[in-house]
> 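The following block contains the structure, expressed as structure tokens.
Labels below follow one simple rule: chain letters A, B, ... track the order of the sequence lines, proteins then strands, and each chain is numbered from 1.
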Number of protein chains: 2
Amino acid sequence: MVKKSDGKRKISESTIKRLSLYYRALSLLEKENQETISSKELARREKLTPAQVRKDLSFFGSFGTRGLGYPVSELKQQISEILGVNRVWNVAMVGVGNIGSALVSYKEFQKQGFIIKLIFDNDQRKIGSNHKGLIVSDIREMARLLREHHIEIVILAVPAIVAQYIVDEVVAAGIKAILNFAPINLQVPPDVYLRTENMSMELEYLSFTLTNRRPPAE
Amino acid sequence: MVKKSDGKRKISESTIKRLSLYYRALSLLEKENQETISSKELARREKLTPAQVRKDLSFFGSFGTRGLGYPVSELKQQISEILGVNRVWNVAMVGVGNIGSALVSYKEFQKQGFIIKLIFDNDQRKIGSNHKGLIVSDIREMARLLREHHIEIVILAVPAIVAQYIVDEVVAAGIKAILNFAPINLQVPPDVYLRTENMSMELEYLSFTLTNRRPPAE
DNA sequence: CAGGGCATGTGAAACCTTTCACAATAAGAA
DNA sequence: TTCTTATTGTGAAAGGTTTCACATGCCCTG
């Protein structure tokens, strides 16, 4: 129940990503009114091993009951605290092209507490237009508006060619966490956390798998 | 230059994903008319180590010249063959909500040779409507149309609640590769390759990092 | 055409992650 | 209360990935 003493435990990226999976699964289980779940069943649902589930959770504490499993609601709550999603995050979207406007309407982000408060673009035709109740702001006002609205995370959905330029502005405005959808590797200072979502990568992975799968017969 | 004898080399997922990064970087370098690149410089651009770049490439052959580096165009061509993106892949989109229609317009997929040929939905109001030159088809016609158009990859952008039902239909239609954008873990037979793109996961990762970063001072 | 410089290709070492295997222990039955 | 059953929590082992370090060998200069 109690968290471990916070030594300089280094938690791996894979563990954090799996916590997201557990969180999603637990949310579903909670809706189904299931009270407890074993590592075995949780692992089956997320295509992992029971040992992995237990090991992942053990980095953060002892949440289960031997012989019984984990209490669904309580574990979900614990993971939400670990991931920091037990609160609201103010988010701004930069770029209102296809991807940007789709993500503004994407309810999953809101459900997890990531609330898009501001939208920016540099296209005069888009500035002032309404997207899901939000008015598109001029990117030249970004620094001031980000500060005024206490934005902590910026989602970048601009063309690759301008992405580095825009990210420099975002960094200059004091933002420390950026989720980038432009298909390019951006350079940021070491105190800024940048994650790049590369949607082509997954298609290329499928392409690789189809291309290199063992032939139908020998 | 010549590929290694195809033993039962097991190539790791991370290596394949990095090949995607190299491919993207090389495409840019080619546009900039750079003729050669060293592992050191390629690593710097993608925030990796030179040794990693060389090791990754060495699984597939010897593409570089000692003392000089790798020939940009040639290496790009080689990687495109490895990833299987030196050809066109026929793709179908299932679901024309926010994400689905954004991805239909996403030029990056086309540029990489992933051509969306068909769009499906089950909403009568959407069926027959035009998205970027493609008419939305009735999902009940999916099996026939997928076969007729030689579709090899399906992108799934439907609500989580119906995703398992739809993916069962896609599998029944004989599709072996699926890219899923629904935030849920889907079950497919072992001969079907499924990748799930979880966009909330990256935001949650940022949330975790912001929440657990070392405090400003001690 | 020989020699210096440079960057590759690659075994081996270091490091990291996952899996194993079992002691610990809570719940419920008898 | 004691016993049985189930499942956790976790060191240790196994397995996998990254980094090191250097021999190799190509290019270019003189």
> If you take all heavy atoms of B/Lys55 and B/Ser58, which pair is closest and at what distance?
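Here B/Lys55 and B/Ser58 meet closest at O-OG, 2.7 Å.
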> Which heavy-atom pair separates A/Leu21 from B/Met201 by the least distance, and what is that distance?
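Closest heavy-atom pair between A/Leu21 and B/Met201: CD2-CE, 3.6 Å.
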> For side chain to side chain contact (heavy atoms under 4.5 Å, CB included), just list the numbers for A/Val188 and A/Val167, CA-CA rounded to whole Å, side-chain angles, deciding distance to a tenth of an Å, and then say yes or no.
CA-CA 8 Å; A/Val188 294; A/Val167 85; 4.1 Å; yes
> Taking only Lys NZ, Arg NE, NH1 and NH2, and the carboxylate oxygens of Asp or Glu, determine whether B/Glu35 and B/Lys76 approach each other closer than 4.0 Å.
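No, B/Glu35 and B/Lys76 are not salt-bridged.
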> Can you list, by residue number, the residues of residues 21-30 of chain B that have a non-hydrogen atom closer than 4.0 angstrom to DNA chain C?
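Within residues 21-30 of chain B, no residue comes under 4.0 Å of DNA chain C.
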> Quick one, A/Ile82 and A/Tyr22 - any side-chain contact, counting heavy atoms below 4.5 Å?
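With C-beta onward as the side chain, the pair stays apart.
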> Do A/Arg24 and B/Glu204 meet the salt-bridge criterion of a basic N to acidic O distance under 4.0 Å?
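No salt bridge links B/Glu204 with A/Arg24.
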> Keeping the roles fixed (side chain from A/Thr211, backbone from A/Ser207), state whether a donor-acceptor pair exists under 3.5 Å.
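Yes, A/Thr211 side chain to A/Ser207 backbone: donor-acceptor pair under 3.5 Å.
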> Residues in side chain to side chain contact (heavy atoms under 4.5 Å, CB included) with B/Asn98, at least two apart?
A/Ala102, A/Ser105
> Is the ring pair A/Tyr106/A/Phe109 parallel, tilted or perpendicular, if the boundaries are 30 and 60 degrees?
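Ring orientation, 0 to 90° scale: perpendicular.
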> Between A/Ser200 and B/Gln112, does a side chain to side chain donor-acceptor pair (under 3.5 Å) hold up when you go through it step by step?
CA-CA 8 Å; A/Ser200 298; B/Gln112 310 270 336; 4.6 Å; no
> Would you jot down, in residue-number order, the residues of residues 47-57 of chain B having a non-hydrogen atom under 4.0 Å from DNA chain D?
B/Thr49, B/Ala51, B/Gln52, B/Arg54, B/Lys55
> Who pairs with B/Glu152 by side chain to side chain contact (heavy atoms under 4.5 Å, CB included), at least two apart in sequence or on another chain?
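Result, side chain to side chain contact (heavy atoms under 4.5 Å, CB included) vs B/Glu152: B/Arg87, B/Trp89.
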> Using whole Å, what does the distance between atom P of nucleotide C/dT17 and atom CD of A/Glu13 come to?
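My rounded result for the distance is 10 Å.
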> Quick one: does any side-chain atom of A/Asn180 pair with a main-chain N or O of A/Arg195 as donor and acceptor, under 3.5 Å?
no
> I'd like a list of close polar pairs between nucleotides 23-30 of chain D and the protein, N/O only, cut-off under 3.5 Å.
from	atom 1	to	atom 2	distance (Å)
D/dT24	O2	B/Arg66	NH1	2.3

> Does B/Tyr193 have A/Arg213 sitting over its ring (NZ/CZ under 6.0 Å from centre, angle to axis within 45°)?
no
> Quick one: is A/Tyr70 getting a side-chain N or O under 4.0 Å of the D/dA6 phosphate, OP1 or OP2?
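False: A/Tyr70 side-chain N/O out of range (4.0 Å or more) of D/dA6 OP1/OP2.
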> Without decimals, in angstroms, what is the distance between B/Phe59 CZ and D/dG16 P?
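Interatomic distance, CZ of B/Phe59 to P of D/dG16: 12 Å.
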> In whole angstrom, what separates B/Ile16's CD1 from D/dT17's C1'?
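Checked: the CD1 to C1' distance equals 14 Å.
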> So which of residues 37-46 of chain B are in contact with DNA chain C, with a heavy-atom cut-off of under 4.0 Å?
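B/Ser38, B/Ser39 - these, ordered by number, are the residues of the stretch whose heavy atoms sit under 4.0 Å from the strand.
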